[in-house]
Amino acid sequence: MPELPEVETVARDLRPLLVGRALVGVRRSRKALRQSWSKAWEAQLVGRRVETVLRRGKWLLVGLEGGSFLMVHLGMTGRFTVVAPGVATERHTHLVFPLDNAYELRFRDARRFGSVTYFPDQPAWQAFLANRLGPEPWDLAAADWRSALERTRRPVKAVLLDQTVVAGVGNIYADEACYAARIDPRRSGNTLRAAEADRLLQALRDVLARAIESGGSSIRDYVGGNGQQGGYQREFAVYSRPGEACPKCGRKIKCVRIAGRSTHYCSRCQK
DNA sequence: CCGACGTCCTGCTAGC
DNA sequence: TGCTAGCAGGACGTCG
């Protein structure tokens, strides 16, 4: 679910609610997340104040005093929110960190594709992400993006979804970026000309920036760190609208399967 | 080595 | 109206 704009929104929402607050305990459900929670981490966390809330790709990092970090991935259905005192614990809540102001930081995840893990310091989580994540979209050099496309026969859509090439892009924004760049997501990476690659990278950055401004996209489960919905779903040109009219030319938007993911595009506007 | 595909899990809904 | 197959913002392991 949550892609870069959603995770960025959660980070921005959580920052004022968490920084300066101390975690005063840990409660958890019996169910395992994608990575199992270690009881030994709890002693490292309890009593620590939050110093920073960061985002890297689709990962959230909560920095604690003393230099340790909680690293959170929302998977498809994860929610990471601060809730007011007295709010009943909702279904699928797997981790709760009570705060020193009686509010609670809660991790909910129906499908449990998400994870919450502990790292003792910044080099440790950076090492974990090093071989999994490429640069942020704004840090990716145009030349590196071109060469990533040139050296593969995979569809452009699959390259956009590859976290080792560029961090943070998921199914929604891959489709929206291809539409904005007028590029057919089925094309092999190595068929894109340099100008097309450049156009796609620019479109990707534009789409992501606008989605962040709207607080992300809420289509099923996603809410921000304060529980509020995003608004970018109203701006979708193609995602989740197969059969509807293309906003530019009116032709019916197509939906096909690429890299195992549903992919939406306009066959007239995207070449 | 590269790329396609299955798997993890629960909930919702399109279509019968 | 009621049931169920199939699909859903992701990531990773396996197979050919």
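By convention in this document, chain letters (A, B, ...) are assigned in the order of the sequence lines, proteins followed by strands, and residues within each chain are numbered from 1. Quantities reported herein were computed from a predicted structural model and do not represent experimental measurements.
Within residues 108-141 of chain A, the residues approached by DNA chain B to less than 4.0 Å at the level of any non-hydrogen atom are A:Ala110, A:Arg111, A:Arg112, A:Phe113, in residue-number order.
Contact annotation: A:Lys58 side-chain N/O to C:dA11 OP1/OP2 distance is under 4.0 Å. Contact annotation: A:Ser262 side-chain N/O to C:dA8 OP1/OP2 distance is under 4.0 Å. Distances shorter than 4.0 Å separate none of the side-chain N or O atoms of A:His92 from OP1 or OP2 on B:dC9. Residue A:Arg257 has no polar side-chain atom (N or O) positioned under 4.0 Å from OP1 or OP2 of C:dC7.
A:Arg34 places no side-chain N or O within 3.5 Å of a backbone atom of A:Arg112 that could act as its donor or acceptor partner.
Under the side chain to side chain contact (heavy atoms under 4.5 Å, CB included) criterion, A:Gln122 pairs with A:Phe69, A:Trp125, A:Gln126, not counting sequence neighbours.
Residue-level contact check: A:Leu161 touches neither bases nor backbone, having no heavy atom under 4.0 Å from any strand. At a threshold of 4.0 angstrom between heavy atoms, the contacts of A:Tyr173 with the nucleic acid are absent.
Taking the six-membered ring for Trp and the full ring otherwise, the centers of A:Phe107 and A:His94 sit at least 6.0 Å from each other.
As rounded to the nearest Å, B:dC9 and C:dC3 have P atoms that lie 27 Å from one another. For B:dC8 and C:dT4, the P atoms lie 22 Å apart once the distance is rounded to whole Å. For the C1' atoms, the distance from B:dG6 to C:dG6 is 15 Å, rounded to whole Å.
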Quick one: which protein N/O atoms are closer than 3.5 Å to N/O atoms of nucleotides 3-5 of chain B? Pair and distance per line, please.
from	atom 1	to	atom 2	distance (Å)
B:dG3	OP1	A:Thr152	OG1	2.6
B:dG3	OP1	A:Arg153	N	3.0
B:dG3	OP2	A:Thr152	OG1	3.2

Between protein and nucleic acid, restricted to nucleotides 14-16 of chain C and to nitrogen or oxygen atoms under 3.5 Å apart, what atom pairs and distances do you find?
none

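Cation-pi geometry between A:Arg234 and A:Phe236 is not met at under 6.0 angstrom from the ring centre and within 45 degrees of the axis.
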If you look only at distance, which donor and acceptor atoms sit under 3.5 Å apart when one is on a side chain in residues 194-204 of chain A and the other is two or more places apart or in another chain?
from	atom 1	to	atom 2	distance (Å)
A:Glu196	OE1	A:Arg187	NH2	2.9
A:Glu196	OE1	A:Arg193	N	2.9
A:Glu196	OE2	A:Arg187	NH1	3.1
A:Glu196	OE2	A:Arg193	NH2	3.3
A:Asp198	OD1	A:Arg146	NE	3.0
A:Asp198	OD1	A:Arg146	NH2	3.4
A:Asp198	OD2	A:Arg146	NH2	2.6
A:Arg199	NE	A:Ala181	O	2.9
A:Arg199	NH2	A:Ala181	O	2.9
A:Gln202	NE2	A:Asp206	OD1	3.1

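Atom CD of A:Gln35 and atom P of B:dC8 are 17 Å apart (whole Å). Here C:dC12 presents its P atom at 8 Å from NE2 of A:His73, a figure rounded to the nearest Å. If you take CZ of A:Arg91 and P of B:dG11, they are 4 Å apart, rounded to a whole angstrom. Summarising the geometry, the separation between CZ on A:Arg79 and P on B:dG11 is reported as 13 Å, rounded to the nearest angstrom. As a whole-Å value, the separation of A:Ile172 CD1 from C:dA8 P is 12 Å. The nearest whole Å value for the distance from the CD atom in A:Gln163 to the P atom in C:dC12 is 9 Å.
Across C:dA8, B:dT10, B:dC8, the shortest atom-to-atom separation from the side chain of A:Arg34 is found for B:dC8.
Ring orientation note: the planes of A:Tyr232 and A:Tyr173 are tilted relative to one another, at an angle of 30° to 60°.
In terms of hydrophobic clustering, with Ile, Leu, Val, Met, Phe, Trp and Tyr side chains grouped at heavy-atom distances under 4.5 Å, A:Leu95 and A:Trp41 are assigned to a common cluster.
Salt-bridge formation is detected for the pair A:Arg21/A:Asp100: a Lys NZ or Arg NE/NH1/NH2 atom is positioned less than 4.0 Å from an Asp or Glu carboxylate oxygen. Ion pairing of A:Arg48 with A:Glu65 is absent here, as no side-chain N (NZ or NE/NH1/NH2) approaches a carboxylate O to less than 4.0 Å. Ionic pairing of A:Glu136 and A:Arg205 is not present here: no N-O contact between side-chain nitrogen and carboxylate oxygen is shorter than 4.0 angstrom. Contact check on A:Arg79 versus A:Glu90 returns no salt bridge, with no Lys/Arg side-chain nitrogen under 4.0 Å from an Asp/Glu carboxylate oxygen.
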Fill in the blank from the handout: Taking Watson-Crick and G-U wobble contacts under 3.5 angstrom, with | marking pairs to another strand and [ ] crossing pairs, the secondary structure of DNA chain C is written .|||||||.|||||||
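Partner of A:Lys157 under the side chain to side chain donor-acceptor pair (under 3.5 Å) criterion, chosen from A:Asp162, A:Asp184, A:Asn171: A:Asn171. None of A:Val62, A:Val46, A:Leu99 except one satisfies the side chain to side chain contact (heavy atoms under 4.5 Å, CB included) rule with A:Leu23; the exception is A:Leu99.
Residue-environment remark: NZ (A:Lys252) stays at or below the threshold of 12 foreign heavy atoms within 6.0 Å.
Looking only at atom types and distance, the side chain of A:Tyr265 has a donor-acceptor partner in the side chain of A:Arg186 under 3.5 Å away.
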